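What follows is a single structure, written as structure tokens, with notes after it.
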Amino acid sequence: MFEIEFAEPSHATCECCGAPSTRLTRFVTRNGDAFAIYRAVLTHGPRHPRAEMIVGLGDWGEAASPEDRVAFIFQLWSDDSDYKVGIIGPEQTAWPQGMLGRLLTREEALGHPWLQHVFDLSDHIVAHDRILTDYLDQRPASSSAH
């Protein structure tokens with residue numbers, strides 16, 4: 001069973017478009033043990049909301065280092081009936097290499113034995129991370145907006 005620790009969101013301005021954005025950092029345990037950290041950037045603008053996300057999985061013990069973890073990069077969005085997850089690669093995002101682990105390419109991620117953990121965790125996220133789902137459930141101001 002996953003449990004999410006909710007840190008306070010931070011707010012910034014998107015470097016690409018100048019729109020306001022919200023940044024989330026969440027700590028996840030599974031059955032009481034450190035399991036993952038995920039981060040999300042939620043950019044507020046005229047387009048249909050899409051969260052840019054990264055999740056690090058692997059060893060979170062005191063002696064562990066980022067080399068003991070891998071990071072999956074994905075986008076999360078909603079349509080009229082469901083939430084969708086799209087695995088992407090490092091070249092499609094601004095997430096840097098860092099403490100969450102080595103950034104997996106899209107091909108590596110799609111073939112990784114832990115991919116199902118990402119999908120299971122994303123289901124838990126949309127069920128429990130209210131800031132994220134409130135953002136995703138917004139609709140664009142105009143259907144003709146780009």
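Just so we're clear, the structure is a prediction, and the values are computed from it rather than from any experiment.
- Side-chain contact between Arg39 and Trp95 is present, with at least one heavy-atom pair separated by less than 4.5 Å.
- Here the side chain of Asp68 pairs a donor or acceptor atom with the backbone of Ser65 at under 3.5 angstrom.
- Using a 4.5 Å heavy-atom threshold, the side chains of Gln75 and Val85 count as separate.
- Note: Met53 CE to Leu24 CG = 7.5 Å, rounded to the nearest 0.5 Å.
- Residues Ile131 and Asp134 are not in side-chain contact: their nearest non-hydrogen atoms beyond the backbone lie 4.5 Å or more apart.
- The shortest side-chain heavy-atom distance between Ser21 and Arg23 falls under the 4.5 Å cut-off.
- A side-chain contact (heavy atoms from CB on, under 4.5 Å) with Tyr83 is found for exactly one of Asp137, Asp123, Ile125, Leu132, namely Asp137.
- Between Thr22 and His11 the shortest heavy-atom distance is OG1-ND1, 3.4 Å.
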Test log, rule side chain to side chain contact (heavy atoms under 4.5 Å, CB included), inputs Asp129 and His124: CA-CA 8 Å; Asp129 195 329; His124 191 80; over 6 Å; no
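- The minimum heavy-atom distance between Phe27 and Ala7, with the atom names listed, is CE1-CB, 4.4 Å.
- Here the closest non-hydrogen pair linking Leu115 and Leu110 is CD2-O, 3.6 Å.
- In the hydrophobic clustering of this structure, Val55 groups with Trp114; members are Ile, Leu, Val, Met, Phe, Trp, Tyr whose side-chain heavy atoms approach within less than 4.5 Å, directly or through other members.
- Side chain of Asn31 to backbone of Met1: a donor-acceptor contact under 3.5 angstrom is found.
- The CD1 atom of Ile88 lies 12.0 Å from the OG1 atom of Thr105; values are rounded to the nearest 0.5 Å.
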Chi angles and distances behind the side chain to side chain contact (heavy atoms under 4.5 Å, CB included) call for Ile37, Thr25: CA-CA 7 Å; Ile37 294 176; Thr25 299; 4.3 Å; yes
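- In this structure, Arg69 is positioned above the aromatic face of Trp60, its NZ or CZ under 6.0 Å from the six-membered ring centre and within 45° of the axis.
- Aromatic ring pairs are classed by plane angle as parallel below 30°, tilted from 30° to 60° and perpendicular above 60°; the pair Phe35 and His117 is perpendicular.
- Judged by distance alone, with hydrogens and angles left aside, the side-chain atoms of Arg102 form no donor-acceptor pair with the main-chain N or O of Ala71 at under 3.5 Å.
- Between the Tyr135 side chain and the His44 main chain, no donor and acceptor come within less than 3.5 Å of each other.
- In this structure, Leu76 and Lys84 have side chains that are not in contact, with every pair of non-hydrogen atoms separated by 4.5 Å or more.
- When the side chains of ILVMFWY residues are joined at heavy-atom separations under 4.5 Å, either directly or via intervening members, Leu57 and Leu100 end up in two distinct hydrophobic clusters.
- Summarising the geometry of Gly98 relative to Pro66, their closest heavy-atom pair is O-CB, 3.5 Å, with the distance given to 0.1 Å.
- Side-chain atoms of Ser78 come within 3.5 Å of backbone N or O of Leu136 as a donor-acceptor pair.
- Checked against Leu103 for a side-chain contact (heavy atoms from CB on, under 4.5 Å), the options Val70, Ile54, Thr93 give a single hit: Ile54.
- Follow the hydrophobic side-chain contacts under 4.5 Å out from Ile4 and you reach Phe119 in the same cluster.
- Both Leu42 and Leu121 are part of a single hydrophobic cluster, where members link through side-chain heavy atoms under 4.5 Å apart.
- Residues Phe72 and His112 meet the side-chain proximity criterion, which asks for heavy atoms closer than 4.5 Å.
- Residues Phe6 and Val126 share a hydrophobic cluster, clusters being chains of Ile/Leu/Val/Met/Phe/Trp/Tyr side chains in contact below 4.5 Å.
- Note that the CD atom of Glu52 and the CH2 atom of Trp77 stand 10.0 Å from one another [nearest 0.5 Å].
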His128 and Phe2: CA distance, side-chain angles, deciding distance, ring-ring contact (aromatic ring centres under 6.0 Å, His included) verdict: CA-CA 10 Å; His128 297 283; Phe2 295 120; 9.7 Å; no
